[in-house]
Amino acid sequence: MGHPLGYIGTDIYSRYHRMNGANVLHPMGFDAFGLPAEQYAVETGIHPAITTEKNLETYKRQLKAFGFSYDWDRSVATTDPAYFKWTQWIFLQLFNSWFDPDRKVARPISELIEDLEAGHLSADGVMWQNLEPADKARYIDSRRLAYIDEVPVNWCPALGTVLANEEVTSEGLSDRGNHPVYQRPLRQWMLRITDYADRLIDDLDLVDWPASVVAMQRNWIGRSEGANIVFEVDGDTPPIRVFTTRPDTVFGATYMVLAPEHDLVDSLTAQMWPDGTKPEWTLGIDSPADAVAAYRLATSRKSDRDRQVDEREKTGVFTGTFAINPLNGERIPIFIADYVLMGYGTGAIMAVPGQDERDWEFAEKFDLPIVRTVMPPPDFEGNAYLGDGPAINSGFLDGLEVEAAKARIIQWLEVNGHGEGTITYRLRDWLFSRQRYWGEPIPILHGPNGELRGVDEAELPLRLPEVDDYRPASMDDEDADPMPALAKADEDWRLVEIDGVTYTRELNTMPQWAGSCWYYLRFIDPDNDERMVGREAEEYWMANGGVDLYVGGVEHGVLHLLYARFWHKVLYDLGHVSTPEPFARLFNQGYILADAFTDDRGVYVDAADVKLNDGVYTYNDEEVTRVYGKMGKSLKNSVNPDAIFAEFGVDTLRLYEMFMGPLDTSRPWSTRDIVGVHRFLHRLWRNFIDEDTGEVLVSDEPSSGELQVLLHKTIASVSGDMEHLHFNTAVARLFELNNALVAEDRVPADIAAVFPRLLSPFAPHISEELWHRMGKEGSVVTAPWPHHDEELVREEMATMIVQVNGKVRDRLEVPIGITETEAVALALASERVLAHTGGADPRKVIARLPNVVSLVV
RNA sequence: GCCCGGGUGGCGAAACCGGUAUACGCGGCGGACUUAAAAUCCGCUGUCCUUCGGGGCGUGUGAGUUCAAGUCUCACCCCGGGCACCA
């Protein structure tokens, strides 16, 4: 459980809408697969299902203590077999679908087979009829949205599992636990999220989300337009395809670089160094093959983190082979270097040092020629020139500006068969296998000849087997393939016989994010045994383009929200849900911040036990360092809600958290400030109840005059604030009304009827109590939200400021409908104004009535 | 480096479309009640000058637009977040 700030926010919003007669679905669920539960199981040997169950009870108890109005009948846990049955079912939907690139939608795989058999499509250019059955199966498997592929993956030895790109931080460490991550090729389950890249970008226009999250998603998907260019290579090696966003600079390509892991490296590496090989190109090694092998080994030993150190020197080695620049026929040397990444574009680049800083750096270090193909401005100082300008040294492109040159060269490439315009994404397919125990088993069977078979839907849920040890199997050889924890299951789980064929179960489990990709759908219809979610219920609740309000932390800006959108779109394409996007409105709540403390090892210590003496913080008499961060378990700086409840009560805590600032802003916790809201509640109580006698101090008479106006203004502004989640200002308005009541002997009847209702979303307990003491019918929770009287809110007088030469010189009370002539006359007659105008006629008069008269003299 | 946010009193923060900057709360100061304290209630609380009428200056810095700028434009500084050898 994170800090409850966001939960308080949705609870208030839900209660407000219920009082307005809305049918509110406000659920809470538990994403309980994953590392914490598993690690606890490893340590204690207790099955994670048992500890998970216990934790859920604790969480529920704590959440209930906050007075949250969740519909507990709709609660789900991703670890519940009745739930993950459908997570597995969705996986099978992915497995049984393909992405139709023409229609840009997912379709059942059976339709691909039909199209192939009918001859509408070919299998990568080969007639379907000409394929052997095994090749047909292999082709079909390669087209599925869930497919197995050998790709460079993020291998985290400390966690014993592979990780998705999204789970690796920019420092090259695991998102969970900060362990180093290494690249290595492995056969793993992948989900084809990249096919959805364009739709994941475009459909961000359909949702009401914070700009920052929209930017993060666009950034992560990283669409970039450019061209693929094909370079022929000396000898009998196949040509090399490069991706570039600057095809206009191709005349300046003076060498070429492949990623060290590139497929063609072996076949193009020369037998011996050709004439003219410079010494710095060879690592001092006699043969190209040895030099390349040495460089590749060195690269593979580096963790992602090492590869990303800031002051990175360019390194690389010549392959001994040349490519031909298709534009000018120049022979250019081919290098491998780790500044080119296998996972982006084609894993190969044409290097244009004149217009690329990285290439410039490499060219200088390796003594390679540099040709400018864009004319820099005369005052340009520096190396590579990235800006706009006319093309030079570029044959038929000379004189064209960058954009025009790009269009021209792409046309040339396409006409002459040397390449084509294309789009590349930073986003990569979602690595979906984990070697951990505590996750959803992937419902796939492997046949004796490598054929894949989905577990029958009737067999779902596929439960986890019992094992003695929940750890992924450890390996002596660090290069050995990771061994999933499920490999330790008994044979009667692992092996399945169908029609006399023995299949092996898939031993990987799904990643943490699988269950949370679709839980919002299950809340709609949590007990449905027939379907993931009933069609009618889904259409009813998702009618406004998805979930009406999703409050969560920005930390899900990429991971969870991207994955969930992807799954949702697949389900949409297959007709299982009715909206293209899952979450219509997203709101990021801020964090509660607090001091945290680390000891000399950099380990967090319990902030509650840190003492301050003479400006020095100590823990167990050891000096500790003060840091500042998000309140929570990981920094050990939580304020225990139970202690706050005991001292101030739940209503105070709820109000305090809302009053501290806007919901989307992080703010420091300050126990000192709590007394403010606590005083408010006491004052409210004293306004309504005589503390000595318990008498209810409510008058039979309604309010009048200013107090009545204040009441209606309060109703108006609190209601407006509720819609916009401006809870801090709503609370401030309630403070003002409450303060105004202090001077009254008794609370006027109309105010007494309204105040507990306005307050009840924030402080439900005291509101309910007052409601009952006043003898009102039913619960304040079901009382209708009050409405203000427009007539009473409308002002009759306004304060008009009078400016002389831009400075405020007087303030006058004027009727709201004052005419310009009257206003100006009044302004000019003001003594304070006269003191500054000297009685002279103004040169210019601007009136914005009834607020401003501005005079220029 | 690129992309998002943000910078307002001693502190948390308000200020809708450019129109009274600092609502509301905390803290501080003064007063009432009390033997006293707590609690409560009342008043003051941006800053400088003041003949007590007022006046000058104030929303990170510097320019600009405007009768008028916390709000719009440009440049810069600082803080937070995301991405980063992505061709």
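In what follows, every heavy atom counts, from backbone to side chain, and hydrogens, waters and symmetry copies are set aside.
- Looking at heavy-atom distances under 4.0 Å, Q803(A) makes contact with a base.
- Among the protein residues, G345(A) comes within range of no part of the nucleic acid, since none of its heavy atoms lies under 4.0 Å from any strand.
- Residue-to-nucleotide contacts include a donor-acceptor pair under 3.5 Å from the side chain of S854(A) to the base of C67(B).
- Remark: the D810(A) side chain and the S830(A) side chain contain an N/O donor-acceptor pair separated by less than 3.5 Å.
- Distance check on atom P: C16(B) versus C72(B) gives 11 Å, rounded to whole Å.
- For F659(A), the listed nucleotide lying nearest its side chain is G12(B); candidates were A21(B), G12(B), C67(B).
- For the pair T665(A) and A13(B), the criterion of a side-chain N or O lying under 4.0 Å from OP1 or OP2 is not met.
- For R246(A) against A87(B), a side-chain-to-base donor-acceptor contact under 3.5 Å is absent.
- Of the candidates C26(B), C24(B), A87(B), C26(B) carries the atom nearest the V675(A) side chain, counting heavy atoms from C-beta on.
- H836(A) comes within 4.0 angstrom of the backbone, heavy atoms only, and of no base.
- Of the listed nucleotides (A87(B), C83(B), C24(B)), A87(B) has the atom at the smallest distance from the side chain of S224(A).
- When side chains are defined from C-beta on, L663(A) counts as touching M658(A), because their heavy atoms get closer than 4.5 Å.
- As judged by a 4.0 angstrom heavy-atom cut-off over every strand, F735(A) is placed among residues touching the sugar-phosphate backbone only.
- The residue S666(A) sits close only to the backbone: its heavy atoms come under 4.0 Å of sugar-phosphate atoms, none of a base.
- F366(A) does not carry K314(A) over the face of its six-membered ring by the limits of under 6.0 Å from the centre and within 45° of the normal.
- Using P as the reference atom, G55(B) and G6(B) are 35 Å apart when rounded to the nearest Å.
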Under 3.5 Å, which protein N or O atoms sit close to an N or O of nucleotides 40-47 of chain B? Give each pair with its distance.
unit_1, atom_1, unit_2, atom_2, d
U40(B), O3', R686(A), NH2, 3.0
C41(B), OP1, R683(A), NE, 2.9
C41(B), OP1, R686(A), NH2, 3.4
C41(B), OP2, R683(A), NH2, 3.3

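- Under the 3.5 Å distance criterion, the side-chain polar atoms of R296(A) are matched with a main-chain donor or acceptor of P260(A).
- Nearest-nucleotide positions on RNA chain B place I846(A) closer to the 5' end than the other of I846(A) and A348(A).
- N851(A) comes within 4.0 angstrom of the backbone, heavy atoms only, and of no base.
- Looking at the side chain of R672(A), the nearest of the listed nucleotides C26(B), G56(B), A21(B) is C26(B).
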Next item on the list: For Y385(A) and W360(A), run ring-ring contact (aromatic ring centres under 6.0 Å, His included): C-alpha distance rounded to whole Å, both residues' side-chain angles, the deciding distance at 0.1 Å, then the answer.
Entry: CA-CA 10 Å; Y385(A) 173 65; W360(A) 181 288; over 10 Å; no
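- Set against G55(B), A14(B), G10(B), the side chain of P662(A) has A14(B) as its closest nucleotide.
- Base pairing in RNA chain B yields stems of at least 3 consecutive Watson-Crick or G-U pairs, both distances under 3.5 Å, namely B:1-7 with B:77-83, B:10-12 with B:24-26, B:27-32 with B:40-45, B:46-49 with B:54-57, B:60-64 with B:72-76.
- For K314(A), the listed nucleotide lying nearest its side chain is C85(B); candidates were A87(B), C4(B), C85(B).
- Distance noted for atom C1' between G70(B) and G7(B): 11 Å (whole Å).
- Backbone-only contact: N728(A) has heavy atoms under 4.0 Å from sugar-phosphate atoms and none from a base.
- As judged by a 4.0 angstrom heavy-atom cut-off over every strand, R223(A) is placed among residues making no nucleic acid contact.
- With both ends at atom P, the span from A68(B) to C3(B) equals 33 Å, rounded to whole Å.
- Across all strands shown, T799(A) has heavy atoms under 4.0 Å from base atoms, whether or not it also approaches the sugar-phosphate.
- A distance of about 48 Å separates the C1' atoms of U35(B) and U20(B), rounded to the whole Å.
- For the C1' atoms, the distance linking G10(B) with G62(B) amounts to 28 Å, nearest Å.
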